[in-house]
Number of protein chains: 2
Amino acid sequence: MVTSRQEKQTPGASEYHHGRLREALLDAVEAQLPEKGPEGVSLRAAAKHAGVSSAAAFRHFKDKRAVMTAVAVRAHRGMAEHMETAATEARSAGLSVFSAKGRAYLDFALSEPAKFKTMFRTALLDETDVDLVEAEARMTRLLLNDAGEDEKHAEIPAKSLLAWGAVHGLAMLSIEDGLPNSATKDNRSAILEALALLEPQDE
Amino acid sequence: MVTSRQEKQTPGASEYHHGRLREALLDAVEAQLPEKGPEGVSLRAAAKHAGVSSAAAFRHFKDKRAVMTAVAVRAHRGMAEHMETAATEARSAGLSVFSAKGRAYLDFALSEPAKFKTMFRTALLDETDVDLVEAEARMTRLLLNDAGEDEKHAEIPAKSLLAWGAVHGLAMLSIEDGLPNSATKDNRSAILEALALLEPQDE
DNA sequence: TCAAATATGTTATCGATGGTAACATTGGTT
DNA sequence: AACCAATGTTACCATCGATAACATATTTGA
């Protein structure tokens with residue numbers, strides 16, 4: 001199932017240039033991700049998948065780190081949209097936005113574990129990349145209920161930090177098989193039950 | 001600072017055999033861990049560090065996975081002892097064993113981040129290894145306050161699961177730079193404050 | 001005791017990988 | 001039409017994990 005090079009509109013046109021190699025490479029890396037994991041992906045395999053030579057990737061990315069960073073940006077954006085959708089729906093349905101976000105976070109982590117891991121494999125990423133910084137900031141805003149809008153250096157409330165850590169930790173433990181079998185039987189519902197304890201009940 | 005091969009007692013003895021190569025290799029890998037990370041360690045570098053040829057490692061380990069598994073076992077045991085010590089001290093001092101364990105978990109993660117990460121990089125580990133299974137079970141028992149002793153398939157209380165996830169997630173986020181600067185300024189105290197919210201206050 | 005068996009080293013080599021240099025082709029600009 | 005930047009190619013390198021064939025030490029047991 002090798003995705004052949006994207007053809008130009010003009011059928012007889014030369015195929016020397018790919019046309020959208022950058023995106024094709026990112027697609028190919030994402031396709032490897034579930035099976036190979038964030039550290040196991042190969043640029044050469046991605047290039048071959050895109051129907052292009054091994055060295056071509058370096059015309060679009062400085063190095064492998066730049067590729068992984070772009071993949072992480074994609075993942076961050078995908079997760080943010082997933083969470084924003086869930087939050088909007090919950091709001092208009094009069095349900096808890098808090099637990100909707102938590103459920104969406106967990107949903108994404110469990111359904112796209114490799115993308116989720118990639119987002120946090122900082123050793124593979126260029127954390128100075130502006131797109132990545134922006135994507136991370138968007139996630140942070142989402143997780144903190146846009147509370148920190150006043151200033152960048154606002155203190156994170158302990159309760160928010162706790163909730164953030166809990167969803168993240170349970171998601172991570174779940175997808176890395178860090179929980180014993182008893183919890184793994186149906187960890188999604190068990191985790192949601194645990195997170196429900198954090199529901200901000202008007203206080 | 002290359003650690004030369006361990007000498008035998010008899011000075012004139014042949015140096016063809018190392019004597020404790022297995023342990024020396026694990027030491028060398030651990031030494032690489034902080035800088036290279038769990039996925040960045042090299043068996044060849046470890047062998048060179050131990051003063052031995054590249055292929056020698058495979059006389060003591062089936063493959064790289066077996067090496068990383070042994071490192072993870074060491075890390076699990078180290079962390080378990082750290083937590084047990086903290087728990088014992090808290091108990092005899094009349095302090096909260098719960099928060100002592102949480103603090104010890106966080107301590108270990110923050111002071112030995114690479115070892116901590118290795119423990120949860122399941123893609124690198126052989127999870128069928130008996131030593132690893134045992135070490136993980138010991139950690140699980142510690143985290144669940146030995147509550148699950150009745151049976152292996154006991155349900156984990158939601159509160160325990162929440163606390164477990166929270167410490168783990170906050171530790172992970174902290175060492176992977178997943179928290180914004182505001183929380184990173186002094187994340188240890190901020191995290192401990194967050195965890196304090198979970199203190200089981202007799203209820 | 002000493003010879004065979006076993007354990008533990010070594011060297012040579014393989015295939016895959018990320019990365020670079022030198023060159024080729026294309027398409028846009030003027 | 002001619003140039004030039006963008007984007008592709010081939011050839012090559014060092015490093016890595018892994019294996020095979022061989023060398024040496026240690027242990028075992030007749």
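Naming: A, B, ... by sequence-line order, numbering from 1 per chain.
Qualifying side-chain hydrogen bond (donor to acceptor under 3.5 Å, both in side chains) partners for R65(B), counting only residues two or more places apart in sequence or in other chains: none. In this view, D107(A) and R188(A) satisfy the side-chain hydrogen bond (donor to acceptor under 3.5 Å, both in side chains) rule, not counting sequence neighbours. Applying the ring pair (Phe, Tyr, Trp, His ring centres under 6.0 Å) test to F116(B) and every residue at least two apart in sequence or in another chain returns Y105(B), F120(B), H168(B).
Distance, H60(A) NE2 to dA6(D) P: 12 Å, rounded to whole Å. Between F58(B) atom CZ and dT10(C) atom P there is a gap of 13 Å when expressed in whole angstrom units. When rounded to the nearest whole Å, the span between CE of M68(A) and C1' of dG18(C) equals 13 Å. What separates NZ of K62(A) from P of dT20(C) is a distance of 8 Å, to the nearest Å. If you measure from atom CZ of F61(B) to atom P of dA7(C), you get 16 Å, rounded to the nearest angstrom. When rounded to the nearest whole Å, the span between CG of L124(A) and P of dG18(C) equals 12 Å. For the pair R22(A) CZ and dT7(D) P, the interatomic distance rounds to 11 Å; values are reported in whole Å. For the pair R20(A) CZ and dT7(D) C1', the computed distance is 16 Å after rounding to whole Å.
The ring-ring contact (aromatic ring centres under 6.0 Å, His included) analysis of residues 50-87 of chain B, with sequence neighbours excluded, yields no pairs.
Between the side chains of D177(A) and T122(B), not a single donor N or O lies within less than 3.5 Å of an accepting N or O.
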Pull out every protein N or O sitting under 3.5 Å from an N or O of nucleotides 15-17 of chain C, one pair per line with the distance.
from    : atom 1 : to     : atom 2 : distance (Å)
dT17(C) : OP1    : S42(A) : OG     : 3.4

Residues 33-47 of chain B, side-chain donor-acceptor partners within the protein, below 3.5 Å, at least two apart:
from   : atom 1 : to      : atom 2 : distance (Å)
E39(B) : OE2    : R121(B) : NE     : 2.6
S42(B) : OG     : R44(B)  : N      : 3.2
S42(B) : OG     : A45(B)  : N      : 2.9

